[in-house]
2 protein chains.
Amino acid sequence: MDIQGLPGRLLADLGPAIASGELPAGTVLRSEELEVRYGVSRTVVREAVRILESMRLVTSKRRVGITVQPKSDWDVFDPMVIRWRLAGADRSAQLRSLGSLRVAVEPAAAALAARQATDDQRRELGALAVELTVTARAADLTSFLQHDIAFHATILRASGNEMFAHLGDTVGAVLTGRTEHHLMPHQPRPYAVRLHREVADAICAGDAEQAEQAMRTIVVGALEELNVTVD
Amino acid sequence: MDIQGLPGRLLADLGPAIASGELPAGTVLRSEELEVRYGVSRTVVREAVRILESMRLVTSKRRVGITVQPKSDWDVFDPMVIRWRLAGADRSAQLRSLGSLRVAVEPAAAALAARQATDDQRRELGALAVELTVTARAADLTSFLQHDIAFHATILRASGNEMFAHLGDTVGAVLTGRTEHHLMPHQPRPYAVRLHREVADAICAGDAEQAEQAMRTIVVGALEELNVTVD
DNA sequence: CTTCGCCTAAAGATATGACTTATTCAAGAC
DNA sequence: GTCTTGAATAAGTCATATCTTTAGGCGAAG
């Protein structure tokens with residue numbers, strides 16, 4: 001998942017530092033400074049910086065140094081940037097943005113899925129809905145989370161749109177972050193679970209309209225819950 | 001906009017080659033081969049490869065080489081990947097995916113914009129709608145495109161959601177690609193222009209419902225037009 | 001004949017020193 | 001005060017050496 005090797009370690013340190021605002025926009029780093037700080041060679045520093053540059057977190061200019069860019073320039077769709085921000089100080093802003101994105105995308109994906117999911121995918125959704133019901137009842141948050149992620153990812157994949165499909169990981173990160181940071185009730189709300197079942201049934205039955213509506217209720221609910229729970 | 005320097009040139013060559021399918025998944029490159037092919041040093045090759053790796057277009061493993069990854073692994077939201085694909089062979093698939101994304105996102109953004117756009121933004125939208133009307137009438141496709149891009153970008157920005165805002169460039173790329181590849185009528189349809197005016201008016205008036213509806217009509221229309229026009 | 005584990009060569013990963021180039025900033029000319 | 005020029009600086013590039021990982025072969029054991 002992550003970049004490996006020494007550049008990976010640099011990234012894992014610098015990325016979150018920038019994403020969390022610990023290194024604010026305008027901060028200038030010099031590559032030599034990074035070399036000594038991390039005890040690595042130029043090669044390694046340059047590769048790490050290049051990657052940060054491709055995410056638009058920094059720019060590197062001769063005679064100036066490595067400058068942290070303002071948040072508005074960041075490539076906010078980059079999976080790594082999303083993870084870093086979710087882990088850091090503006091988790092709340094990030095969750096809200098992602099929440100709105102989910103409200104826009106997931107109902108559309110559910111409707112598409114109802115039309116063109118494969119039989120296997122429909123079966124899998126049914127099975128996942130069952131799992132969700134069981135683990136919710138047992139208050140097994142770990143398993144619930146895992147199946148919830150799979151549920152949403154399957155629908156996004158079944159939509160047949162590659163861009164929607166790729167949001168599966170992102171949504172997974174959101175759900176994980178929400179659970180890890182205790183923005184979830186200790187036991188999933190029965191109402192929410194019922195809605196998941198409803199989405200699965202609608203998709204199995206090919207009822208795009210109902211799938212879309214039920215999914216919209218889920219993600220709108222999640223977004224509203226965020227406004228109640230988060231700081 | 002682009003990565004500069006020698007690694008940039010490597011990227012500008014390899015990226016499109018991979019994105020267009022010219023180098024299919026499974027193709028293995030060796031870094032020494034790239035060094036001689038492009039007449040650059042290891043440093044340069046490694047940095048370029050690292051960036052491709054961070055976009056998940058390739059993986060680099062010891063004793064194996066640099067392997068092109070299947071399309072399903074690519075980071076399809078990366079702006080550079082989007083541009084490369086729009087320029088290449090699967091432009092049509094890319095346009096379709098982006099079209100669905102627009103259908104999901106832009107109506108939501110319009111609704112949000114109607115609620116929380118600044119006065120300046122509302123004014124700008126009004127002005128842009130006028131420009132669209134005028135340039136459409138004059139069949140000045142270049143100016144029309146420019147204002148159309150600004151129109152959609154402004155709404156996405158006015159939504160107050162940073163992730164929506166970042167899709168401005170992407171939508172711009174879609175509109176540009178559509179015009180450049182003659183997937184547009186020679187004169188913008190009066191109906192479409194009227195809808196833009198309607199969106200602008202609704203946002204100015206703070207009517208979220210109408211802004212959303214009109215915008216949906218626009219993007220659904222664009223998507224359908226794609227299905228008619230494209231191969 | 002199969003399976004396991006060791007060995008080796010291949011290819012990337014990292015380190016390093018020398019050199020190049022672009023850019024800023026300031027001193028000096030007009 | 002503005003323009004020019006040049007020196008200082010920090011990143012960019014190159015070439016080379018060395019380290020590290022690992023696929024795949026080979027042989028011994030079962």
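By convention in this document, chain letters (A, B, ...) are assigned in the order of the sequence lines, proteins followed by strands, and residues within each chain are numbered from 1.
B/Lys61 has a side-chain polar atom (N or O) that falls below the 4.0 Å cut-off from OP1 or OP2 of D/dA23. Listed pair B/Ser60 / C/dA13 meets the phosphate criterion, a side-chain N or O lying under 4.0 Å from OP1 or OP2. Close to D/dT13, at under 4.0 Å from its OP1 or OP2, lies a side-chain N or O of A/Arg50.
Taking the six-membered ring for Trp, A/His152 and A/His196 have ring centres closer than 6.0 Å.
Between A/Arg30 atom CZ and C/dT24 atom C1' there is a gap of 15 Å when expressed in whole angstrom units. Separating the CG atom of A/Leu34 from the P atom of C/dT14 is a distance of 16 Å, rounded to the nearest angstrom. When rounded to the nearest whole Å, the span between CZ of B/Arg62 and C1' of D/dG24 equals 17 Å. What separates CD of A/Glu35 from P of C/dA15 is a distance of 10 Å, to the nearest Å. Atoms CG (B/Leu6) and P (C/dT21) sit 11 Å apart, rounded to a whole Å. Rounded to whole Å, the distance from CG on A/Leu29 to C1' on D/dA10 is 13 Å.
Salt bridge present: A/Asp90 and A/Arg85 bring a charged side-chain N and a carboxylate O closer than 4.0 Å.
Of the residues in residues 37-46 of chain A, those placing a heavy atom less than 4.0 Å from an atom of DNA chain D are A/Arg42, A/Arg46, in numerical order.
Judged by distance alone, with hydrogens and angles left aside, the side-chain atoms of B/Asn161 form a donor-acceptor pair with the main-chain N or O of A/Ser97 at under 3.5 Å. Looking at B/Arg50, its side chain never comes within 3.5 Å of a backbone N or O of A/Arg46 through a donor-acceptor pair.
When each of D/dA11, C/dT14, C/dT24 is scored by its nearest atom to the side-chain atoms of A/Glu47, the top-ranked nucleotide is C/dT14.
Side-chain polar atoms of A/Ser100 and A/Arg96 form no donor-acceptor pair below 3.5 angstrom.
With sequence neighbours excluded, no residue forms a side chain to side chain donor-acceptor pair (under 3.5 Å) with A/Arg9.
Between B/Arg42 and the options B/Glu35, B/Glu47, B/Glu32, B/Glu33, a salt bridge (charged side-chain N to carboxylate O under 4.0 Å, His left out) holds for only B/Glu35.
Comparing B/Glu53 and B/Arg63, the nucleotide of DNA chain C nearest to each residue sits closer to the 5' end for B/Arg63.
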